[in-house]
Number of protein chains: 2
Amino acid sequence: MPEQSPGSRPTLEAVAARAGVSRATASRVVNGGDGVRKPLVDKVLKAVEELGYIPNHAARTLVTRRTGAVAVVIAEPETRFFSDPFFSQQIRGISKELTAHDTQLVLLLVEGPGDFDRIARYLAGGHVDGALAFSLHTDDPVPAITRRAGIPAVYGGRPSWTADPGDQAVPYVDADNRGGARLAVQYLRDLGRRRIAHIAGPADQTSAMDRLDGYRDVLLDVDPTLVADGAFTVESGARAMAELLERRPDLDAVFVANDLMASGALRVLRERGISVPEQVALVGFDDMDSVASETDPPLTTVGQEIEGQGRLMARLLLRALDRERTGSGDVPESVITPVTLVRRASA
Amino acid sequence: MPEQSPGSRPTLEAVAARAGVSRATASRVVNGGDGVRKPLVDKVLKAVEELGYIPNHAARTLVTRRTGAVAVVIAEPETRFFSDPFFSQQIRGISKELTAHDTQLVLLLVEGPGDFDRIARYLAGGHVDGALAFSLHTDDPVPAITRRAGIPAVYGGRPSWTADPGDQAVPYVDADNRGGARLAVQYLRDLGRRRIAHIAGPADQTSAMDRLDGYRDVLLDVDPTLVADGAFTVESGARAMAELLERRPDLDAVFVANDLMASGALRVLRERGISVPEQVALVGFDDMDSVASETDPPLTTVGQEIEGQGRLMARLLLRALDRERTGSGDVPESVITPVTLVRRASA
DNA sequence: CCCACCCCTGGGAGCGCTCTCAACGCTGTC
DNA sequence: GACAGCGTTGAGAGCGCTCCCAGGGGTGGG
């Protein structure tokens with residue numbers, strides 16, 4: 001690999017000259033070589049090799065109007081992105097899939113509510129071909145932004161559609177939250193538990209609401225004192241658990257809307273000397289790598305294929321881009337990924 | 001903001017026409033407006049507004065040879081990126097700083113040893129102006145790649161320079177690992193502990209070795225049975241702790257090279273009924289958000305400003321880019337960031 | 001009153017690439 | 001043997017922007 005003297009990379013022109021062909025033919029070879037006779041292909045490839053030619057991305061984008069990059073928009077303000085392995089895993093999945101299709105990943109972290117302007121400008125500026133977005137709250141402006149920017153998007157997690165029904169055209173990937181919740185609560189009931197409480201996630205996230213719905217599906221006519229609100233964080237889980245114990249000292253099981261909160265709840269139970277699962281059985285949600293199996297006792301939880309979800313998101317987006325380019329192919333549709341109950345020791 | 005009819009954004013030409021000026025003048029205004037008379041500036045801005053003009057990034061890059069983006073290369077294979085809030089926090093810091101300077105972040109996750117070719121091609125392809133890289137192992141090819149690509153780079157963590165002395169030109173940002181280790185061990189000794197063990201990180205990472213060196217600085221002539229090897233993961237910490245207890249049941253303190261391993265060690269101590277800090281005092285390293293304060297007992301640890309390190313990395317790189325552009329300015333130099341002992345309950 | 005100088009503006013070249021279109025040569029067929 | 005037809009190649013026109021350079025108009029000084 002020849003060292004590059006800064007500021008003067010070889011151009012296609014140079015490759016063509018060296019190979020004794022036209023720029024057009026050199027271009028064809030560089031882009032796959034279809035319709036070029038073998039000997040010429042070889043000559044061009046040799047020239048490419050010798051000169052250390054690397055296509056100029058900007059020039060290519062200028063004419064093709066494709067950037068070969070997609071944005072990943074993470075709108076989660078502050079804390080969650082830090083403590084939540086969830087995102088990292090999805091991103092890993094996304095990265096793998098994009099890489100396999102020679103597409104780059106531009107990370108857009110939203111730095112606060114005032115920052116959406118910047119995101120909007122960026123997405124509309126033709127820097128990327130499409131966008132993947134996460135964690136849409138009820139009033140999330142991301143759907144409107146991608147629509148206005150005229151680029152395809154795929155969401156991680158079902159968006160709430162109250163804002164604009166037009167956004168329903170955007171496909172999403174989400175775990176079967178409701179079904180998973182049903183699975184968990186059903187399991188607790190099959191264990192013979194009768195006073196099954198729930199620690200819910202934030203009301204502005206559909207995953208939290210779907211899990212609450214699933215809980216209600218099984219336990220028709222739930223006593224409201226059995227439901228406490230949390231915020232998907234360890235601390236909020238602990239608080240909610242304390243609150244529940246205060247209100248309903250008789251509870252014998254808790255279905256917690258995610259593992260992070262469950263680990264907080266577990267801590268409170270331990271502090272109060274309440275044995276798990278004997279006195280209170282606990283089921284979480286997510287089967288989060290570094291959490292669920294590390295708690296004491298290890299968490300029984302609803303597992304989902306997080307990295308797979310990331311891959312799937314990327315795949316849907318790539319398909320949409322392909323469709324845009326070729327003008328044909330099937331319209332990507334939303335996918336609900338299956339969940340499973342992972343039995344450990346807490347229930 | 002006018003909706004974009006797909007595929008036909010307004011060009012600078014259109015803006016110029018509408019404002020009744022030349023394309024050159026319109027360009028000047030869009031780029032700051034220096035040397036253009038006020039009334040014309042206003043006319044152009046009005047036209048920009050009305051047309052919803054957004055500059056075409058590819059065209060701009062093609063002529064300026066600047067992309068306004070930098071790559072963040074994460075060469076950590078597999079597990080660590082997941083479970084380690086360390087990276088997320090650094091990235092958050094980097095993102096903040098880059099955003100403040102209108103620079104985009106392209107995330108490059110290395111998907112295995114064979115993947116460096118792709119990274120090399122990307123960095124050399126003029127997609128980005130510079131690179132930030134993490135977690136350089138002894139045989140990490142990243143330094144060579146960025147050098148060959150002819151783009152400035154800044155490293156997170158001191159690289160090991162055995163491979164190529166030429167890489168020493170690359171600045172890095174690192175915590176004062178050795179000093180922090182000294183701080184921790186000194187503290188344990190001041191507490192009256194005499195048999196202070198160490199759980200070390202992987203030998204191919206300089207941070208781990210620096211922490212080991214700091215430990216040795218204080219405890220000259222260390223008995224080798226007091227040092228166990230870990231891999232910066234919870235599991236490896238647990239294993240190392242068990243090993244140490246086997247070898248040296250008389251130990252009365254452990255300095256652990258990071259919080260993740262310390263939490264694993266803590267678990268083992270708890271399982272064996274060894275009280276912390278009474279029987280064995282424990283000090284970690286990193287003061288990792290979601291770990292150090294969540295353990296039982298909360299971890300005394302060496303704290304570093306992780307997000308600040310990220311910011312600093314970005315700032316150094318931006319300075320290097322500026323220098324490249326203007327041809328002047330000071331050469332960025334490596335920075336060692338200070339650490340502090342965070343006293344909690346484990347020691 | 002003229003000229004030198006400066007500030008502002010426009011014309012135009014060209015960044016490196018893709019893609020259309022026409023030309024070319026070759027094969028196969030009647 | 002001529003011609004249709006196909007596969008292969010090259011010429012050239014941009015993609016949208018920046019930036020160099022020349023020209024025009026105004027100002028101030030001689």
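Each chain gets a letter, A, B and so on, in the order the sequences are listed, and its residues count up from 1.
Considering only the side chain of Asn31(A), dT18(C) comes nearest among dC21(D), dT18(C), dC15(C). Here the side chain of Ala24(B) is nearest to one of dT18(C), dG11(C), dA11(D), namely dG11(C). Closest to the Arg65(B) side chain, of the nucleotides dT9(C), dC15(C), dT18(D), is dC15(C). Side-chain atoms of Arg28(B) lie closest to dC20(D) of the nucleotides dC20(D), dG16(D), dG14(D). For Thr11(B), whose side chain is taken as the heavy atoms from C-beta onward, the closest listed nucleotide among dT9(D), dG16(D), dC17(C) is dG16(D). Side-chain proximity of Leu62(B) to dG16(C), dT18(C), dC19(D): nearest is dG16(C). Checking dT18(C), dT9(D), dC8(C) against the side-chain heavy atoms of Ser27(A) singles out dT18(C) as nearest. Taking only side-chain atoms of Arg23(A), from C-beta outward, the nucleotide of dG16(C), dG10(C), dT18(C) with the closest atom is dT18(C). Of the candidates dT18(C), dT9(D), dC20(D), dT18(C) carries the atom nearest the Arg60(A) side chain, counting heavy atoms from C-beta on.
Summarising the geometry, the separation between CZ on Arg37(B) and C1' on dC6(C) is reported as 11 Å, rounded to the nearest angstrom. Taking atom CD on Glu13(B) and atom P on dG14(D), their separation rounds to 13 Å, with Å as the unit. We find that OH of Tyr53(B) is positioned 10 Å from P of dG16(D), with the value rounded to whole Å. Asn56(B) has its CG atom 17 Å from the P atom of dC17(C), to the nearest Å. Spacing between atom CZ of Arg66(A) and atom P of dC15(D) amounts to 17 Å, rounded to whole angstrom units. Whole-Å rounding puts the His57(B) NE2 to dG16(C) P distance at 17 Å. With rounding to whole Å, Arg9(A) atom CZ is found 16 Å from dC15(C) atom P.
Within the 3.5 Å criterion, the main-chain N or O of Arg158(B) finds a donor-acceptor partner in the side chain of Asp174(B). Formation of a donor-acceptor pair under 3.5 Å by the Ser27(A) side chain with backbone atoms of Arg23(A) is not found in this model. Not a single donor-acceptor pair under 3.5 Å links the side chain of Asp129(A) to the backbone N or O of Arg66(A). In this structure a side-chain-to-backbone donor-acceptor pair under 3.5 Å is missing from His127(B) to Thr67(B).
Between dT18(C) and Thr64(A), no contact under 4.0 Å exists linking OP1 or OP2 to a side-chain N or O.
The side-chain heavy atoms of Val173(B) and Tyr155(B), taken from C-beta on, include no pair separated by under 4.5 Å.
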